[in-house]
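Only heavy atoms go into these numbers, but all of them, side chains included; no hydrogens, no water, no symmetry mates. Proteins get letters first, then strands, A, B, ... in listed order; numbering begins at 1 in each.
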Amino acid sequence: MTTTDMTTTDTPGERTDRYDAVPVEQKWRERWERDEIYRAPDPADWDPKKPKWYALTMFPYTSGDLHIGHWYAMVPPDVGARYRRMTGHTVMFPIGFDAFGLPAEEAAIKRNIHPHTWTLNNVARMRGQLKTMGAMFDWSREVVTCLPDYYKWTQWFFLRLYKHGLAYRAKAPVWWDPAAQTVLANEQVIDGRSERTGAEVYRRDLEQWFFRITNYAEELLDFSKVDWPERTKAMQRNWIGKSTGATIVFRTEAGEPLEVFTTRPDTLWGATFMVIAPEHPLVEQLTTPERRAEVERYRTQTAKVSEVDRQSTEKEKTGVWTGGYAINPANGERVPVWIADYVLVTYGTGAIMAVPSGDQRDFLFARKYGLPVRVVVQPPGGHLDGDTMTEAYADAGTMVNSGPLDGLTTETSKARAIEWLEAHGAGSAKITYRMRDWLISRQRYWGAPIPMIYTQDGQIVPVPERDLPVLLPEDAQFRPTGESPLRYHEGFYNTVSPIDGTPARRETDTMDVFMCSSWYQFRYASPHFDMGPELGPIDPAMKAWLPVDQYSGGIEHAVMHLLYVRFFTKAARDMGIVDFDEPMIRLFNQGIILGEDNEKMSKSRGNVINPDDYVLKYGADVYRLALMFRSPWDMGGPWQSGTVPGVNRFVQRAWAVVDAVSPVSDGDGDAPAAEIAALRRLTHQTIRAVSKDMETFGFNTMIASLMEFVNGLTKAHALVGTAAYREGVETLALLVAPSAPHLAEEMWARLGNTYSVHQQSWPEWDPDLAREAEIVIPVQINGKVRDRITVAAGTDDATLRATALASPRVQEILGGREPKKVIIVPERMVNIVG
RNA sequence: GCCGAAGUGGCGGAAUGGCAGACGCGACGGUCUCAAAAACCGUUGUCCGCAAGGGCAUGAGGGUUCGAGUCCCUCCUUCGGCACCA
């Protein structure tokens, strides 16, 4: 359990607040729930004048207590969804729980509590905590991914993908803990050792299930149908990693084809050796008896190294010669074949031709192991010598030592090399992607079982859709065997062939939890729909809700989850399940909120902030505002409890200006016209600023504007009783409604208006009322501000220029000199260059 | 290491290439009080100056521009991701 020490920075001492948030919030939350004012209507009941708006925030993982990070992820989207509602949209804002995964299983092993119990206890607690947020979640749509009525459809998606050729089996390595005899997650491997047993781990191949996400690589590079952050799109593009080049077929001396991928086919004549991944299937055949021991030693060593380390460009390259040779198809030369861990079996063909004169990695490798370097590209005016050059030359130049390419420029030689390869049957143009197919098998219990059956005669047969779900048995044992616990559950493991009823066994691996979160956005449209496998999990009558209009979630999901969900949608489209290309049209990735010590929050560090403490002390609204106010939402950063009392002060002052209101006597009475105009100007400028910030999710500056508005209303106390003041406080209640929903509702009631403020329209600003009468413009001389002039708004450039030049201060500094140039930025500034 | 971000007062941060520091925290001074807390009012980047005013200042160093926190190049630091944490 964690407690938060709040004694130092934010103890309010004796509370003398006039607005007592906690009971007020409780009252309104109960009323909203009773009235179901946030229930999203079915498409049949939509008002045709109101466009639909499906807002979604990434559902929480059922890790235990709700913490500040959840509020940070959910409050701003709630504010955005409420704003859309007030601006005339029919809004759905659902919530659910991502409930399968490793932590539940770890908790089960450590605390001897069943993952099912642990998870559902967490769901119950988190649901209660979420409700204190005062968000407009439509709880009638809640989904929990570990329940059979949900994972049945996760399995259904697997079967559909299988049927459409998008699921297949292949070998892939997993981390193996020899002491526990179990597969480990990357997270459970610390410095090459098992987190739990301390044993040295290594990678071991297992037969596993994959999805062909690479079939969609090209389409996933296209973001033309979404409005997503540039940084997220850049990360996805780089993750997919498109490379254009060629495959070239070398041959081993035994005549076996040994294919490489290269982006520089033009340098083929400079390939003086080859490097293949230690896991490459031809290693066995190429290795000569006298090299075998060393090759084996190197392969064992490689199995212990993580992929991040293997790809490090800092670390010195290592490798060993297999003793074998391959034939370069360009010139028939015998080149030695090496293995090295920097070549990955998962990228390209798992083999490269090494051109040390043109590639720095190959160059260092060649120098280290005394391999020949042959120059094939001479830089303009240069004469490199393979024996004396000190680094590779990768830029353009003139081809040499390259047979038919000699004398060509680098630009033309690439295409010519591919023509040559195709003419000689030695290769062809090829596009390769860094992205790999999606491995979805997990040798674990707490996940959706993969609905496949293996018959005695070796067939792989899908479970018929009508037999779904394949239920996860609740009485499985967690034996450390290296296989899924389901392997040892007789009732689960033993089944019969759907073809002929002969004995068969079930697939015992479960699915990656990212599968659950790849289609949940569809399920919210019809969370309880089940009319059989033909119709699938989405009620055709509810499809009008899709796709998601505004999605949000942590930047840490920029690549994996957000690529998988796009892949699922494109595959679902091609399978006729949905009729659009992208799952989420607009996306916002928030930053990560850290503990007050600027470290990631974790129970072990003891820096976890529990929202409940604040909610009980100040109410949810103050906490909502504090989270939005502290920094731009996409930045994240350390939580500062010091923000809270300041925001509480704002809430109290906001309440005070509304509470002070009195009935409007006779319009604006005899109040000074200038003061009335100034107040109305502030009101309409605030509507403009807040509306703009709502559109861009600029919540921190939005609240700053609201604070200025409240300060202005406080100072305009003399105008209480005027129509202008009444307009001001009503506007305040409306503008604050999305951010501080309870406070706004209480204000709205205090003003004598009809329930509910959340069913009102967003106010509009009048540009004429918002316009400033006079503006102050800085006058710069050579870029330094030397004077300021006050002019009427809309003053033309010629007048601005004349006014600026006529200023005594400017005259004095210029001392009679004629300015070389005068730059006027309309309504902004004058710069005199002297 | 690779990919993506961020770096501005004592602190969180604001700023369509156009007055750097909005808004808030903290600090200081004041009002109220026997006193304190709370609340309210005021001051608050830094240096020089009695003042008027001036100099310096947005991680470091260069560049483009009449003008750079903002654009370009090089570097440093911190954070997120790197395919079985989610």
If I compare all heavy atoms of [X] with all of [Y], which pair ends up nearest, and what's the gap?
| X | Y | answer |
| --- | --- | --- |
| A:Pro449 | A:Met511 | O-CE, 3.5 Å |
| A:Tyr72 | A:Leu627 | CE1-O, 3.7 Å |
| A:Ala303 | A:Trp175 | O-CZ3, 3.6 Å |

Determine the interatomic distance between [atom1] on [N] and the same-named atom on [M]; round to the nearest Å.
| N | M | atom1 | result |
| --- | --- | --- | --- |
| B:rG80 | B:rA27 | P | 31 Å |
| B:rC48 | B:rG4 | C1' | 45 Å |
| B:rA14 | B:rG45 | C1' | 15 Å |
| B:rU31 | B:rA22 | C1' | 27 Å |
| B:rA35 | B:rC25 | C1' | 27 Å |
| B:rG29 | B:rG49 | P | 24 Å |
| B:rU70 | B:rG18 | P | 11 Å |
| B:rC47 | B:rC2 | C1' | 45 Å |

Side-chain N or O of [X] closer than 4.0 Å to phosphate OP1/OP2 of [N]:
| X | N | value |
| --- | --- | --- |
| A:Lys784 | B:rC56 | yes |
| A:Arg786 | B:rG54 | yes |
| A:Asn782 | B:rC66 | no |

Compute the centroid of each ring, for [X] and then for [Y], and state whether the two points are separated by less than 6.0 Å.
| X | Y | value |
| --- | --- | --- |
| A:Phe568 | A:Trp519 | no |
| A:Trp438 | A:Tyr564 | yes |
| A:Phe697 | A:Phe588 | yes |

What is the distance, to the nearest angstrom, from the [atom1] atom on [X] to the [atom2] atom on [N]?
| X | N | atom1 | atom2 | value |
| --- | --- | --- | --- | --- |
| A:His717 | B:rC41 | NE2 | P | 13 Å |
| A:Asp309 | B:rC2 | CG | C1' | 12 Å |
| A:Arg788 | B:rA52 | CZ | C1' | 15 Å |
| A:Met515 | B:rA83 | CE | C1' | 16 Å |
| A:Met635 | B:rU78 | CE | P | 17 Å |
| A:Ile555 | B:rC82 | CD1 | P | 12 Å |
| A:Asp341 | B:rG1 | CG | C1' | 13 Å |
| A:Trp239 | B:rA5 | CH2 | P | 16 Å |

Using a cut-off of 4.0 Å on non-hydrogen atoms, how would the nucleic acid contact of [X] be classed: base, sugar-phosphate, or nothing?
| X | result |
| --- | --- |
| A:Pro632 | sugar-phosphate |
| A:Arg809 | sugar-phosphate |
| A:Val776 | base |
| A:Arg828 | base |
| A:Met58 | nothing |
| A:Ile592 | sugar-phosphate |

Of A:Asp437 and A:Lys715, the one whose nearest nucleotide on RNA chain B sits closer to the 5' end is A:Lys715
Shorter than 3.5 Å, N or O on both sides, protein versus nucleotides 84-86 of chain B: list them out with atom names.
from: B:rC84; atom 1: OP2; to: A:Arg442; atom 2: NH2; distance (Å): 2.9
from: B:rC84; atom 1: O4'; to: A:Arg442; atom 2: NE; distance (Å): 3.4
from: B:rC84; atom 1: O3'; to: A:Asn186; atom 2: N; distance (Å): 3.4
from: B:rC84; atom 1: O2'; to: A:Asn186; atom 2: N; distance (Å): 2.5
from: B:rC84; atom 1: O2; to: A:Arg444; atom 2: NH1; distance (Å): 2.8
from: B:rC84; atom 1: O2; to: A:Arg444; atom 2: NH2; distance (Å): 2.8
from: B:rC84; atom 1: N4; to: A:Gln208; atom 2: OE1; distance (Å): 3.1
from: B:rC84; atom 1: N4; to: A:Ser441; atom 2: O; distance (Å): 3.4
from: B:rC84; atom 1: N4; to: A:Gln443; atom 2: OE1; distance (Å): 2.7
from: B:rC85; atom 1: OP2; to: A:Asn186; atom 2: N; distance (Å): 3.4
from: B:rC85; atom 1: OP2; to: A:Glu187; atom 2: N; distance (Å): 2.8
from: B:rC85; atom 1: O4'; to: A:Glu187; atom 2: OE1; distance (Å): 3.1
from: B:rC85; atom 1: O4'; to: A:Glu187; atom 2: OE2; distance (Å): 3.2
from: B:rA86; atom 1: OP1; to: A:Leu102; atom 2: N; distance (Å): 2.8
from: B:rA86; atom 1: O3'; to: A:Asp98; atom 2: OD2; distance (Å): 2.5

Taking Watson-Crick and G-U wobble contacts under 3.5 angstrom, with | marking pairs to another strand and [ ] crossing pairs, the secondary structure of RNA chain B is written (((((((..(((.....[....)))((((((.......))))))((((....))))..(((((..]....))))))))))))....
- Message: Would A:Lys304 pass as a cation-pi partner of A:Tyr202, given that its NZ or CZ must be under 6.0 Å from the six-membered ring centre and within 45 degrees of the axis?
- Response: no
- Query: A:Trp239 ring centre to A:Arg434 NZ or CZ under 6.0 Å, with the angle to the axis within 45°?
  - Reply: yes
*Quick one: does A:Asn831 reach the base of B:rC66 with a side-chain donor-acceptor pair under 3.5 Å?*
yes
Check your understanding: Hey, does the side-chain of A:Arg237 have a donor or acceptor N/O within less than 3.5 Å of a partner on the base of B:rC3?
Key -> no
What's touching nucleotides 22-25 of chain B from the protein side, N or O pairs under 3.5 Å?
from: B:rG24; atom 1: OP1; to: A:Asn711; atom 2: ND2; distance (Å): 3.0
from: B:rC25; atom 1: OP1; to: A:Arg649; atom 2: NH1; distance (Å): 2.4

Residues [X] and [Y] bridged, charged N to O under 4.0 Å:
| X | Y | value |
| --- | --- | --- |
| A:Arg310 | A:Glu307 | no |
| A:Asp177 | A:Arg196 | no |
| A:Arg169 | A:Glu507 | yes |
| A:Arg442 | A:Asp509 | no |

A:Tyr614/A:Trp639 under ring pair (Phe, Tyr, Trp, His ring centres under 6.0 Å): CA gap, chis, key distance, verdict | CA-CA 13 Å; A:Tyr614 288 99; A:Trp639 166 247; 5.7 Å; yes
Relative to its sugar, using the 90° cut-off around 0, the base of B:rG29 is anti
Inset, instruction - For A:Phe59 and A:Tyr520, run ring pair (Phe, Tyr, Trp, His ring centres under 6.0 Å): C-alpha distance rounded to whole Å, both residues' side-chain angles, the deciding distance at 0.1 Å, then the answer. - result: CA-CA 9 Å; A:Phe59 59 175; A:Tyr520 78 121; 3.8 Å; yes
